[in-house]
Amino acid sequence: MIDTPAPLDALEDPSSAMSRARAAEVERVVAIGSGIASARETLEIAEREDGVFVALGIHPHQAADDEPLEELTGLIDRRTVAIGEVGLDFYRDYAPHDDQRRVFADQLLLASELEKTVIVHSRAADDETAAMLEDFGGTVVLHCFSSPPLLPVALERGYYVSFAGNVTYPKAADLREAAGRVPRERILAETDCPYLAPQPVRGKTNEPAFVIHTLAALAETRGEDADELSRRIDENAAKAFGLQ
Ligand SMILES: [Zn+2]
């Protein structure tokens, strides 16, 4: 099973979290580095931990922080499988919208040039996210999917849709309904740790091992066997991120 994505550098002890993940048969993680400092830390984790791939990007929350994109580009190495998180967040609104748009557009361009997959974060910005992605020709992963109105666009354009722990929450019937409509070859699962721990461990610090609970909820809502869905998600992730 693979967790796509998880910001491992946000955890206190990423190495023991990875040991617990392996014990839970979560052997692989796409770790997110958001901004230069986090990117460096994430690359170091990937260097010493087996099964860790890296996505590097400037998160919409950091869009006004003057994180130099050239420096980030310089960090991209063979373990870097995606540009992300990139996108728009008009819900938390930590950065002016114009900055968010500019940084998102620049990184879409970068991903096109490097032929990398993008991991997209979108909150309270469905229409604009869809519009900005319209001309992007590469592979798109919508992470921590929480916007059912964005689903028709995602399905039409063949985006990968990744579900986080919030799909397990009792009140999230609309998310489970959305999860049931994602084709088998496009579904992914993630922890997006350290927040949003799935239902049986809700309230704890989230970590990659817990993605199995999200898998169980997805399997149940889709009426599929969990082991089979886990294998399917591995295959989907391998394709989405070009993993060997
Ligand atoms: Zn996100």
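Numbering of ligands and ligand atoms starts at 1, following listing order.
- The minimum distance between the Zn ion (ligand 1) and any N, O or S atom of E85 involves atom OE1.
- We find that E177 and R181 are joined by a salt bridge, their nearest charged nitrogen and carboxylate oxygen being less than 4.0 Å apart.
- Residues D65 and Y94 have side chains not in contact (no heavy-atom distance under 4.5 Å, counting atoms from C-beta outward).
- With a cut-off of 2.8 Å, the Zn ion (ligand 1) has an N, O or S atom of H143 in range.
- Here the N, O or S atom of H121 that is nearest to the Zn ion (ligand 1) is ND1.
- Rounding to the nearest 0.5 Å gives a distance of 8.0 Å between CZ of R101 and CE of M132.
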Problem set entry | Audit row: E25, I212, side chain to side chain contact (heavy atoms under 4.5 Å, CB included) steps and yes/no | CA-CA 9 Å; E25 294 182 4; I212 55 167; over 6 Å; no
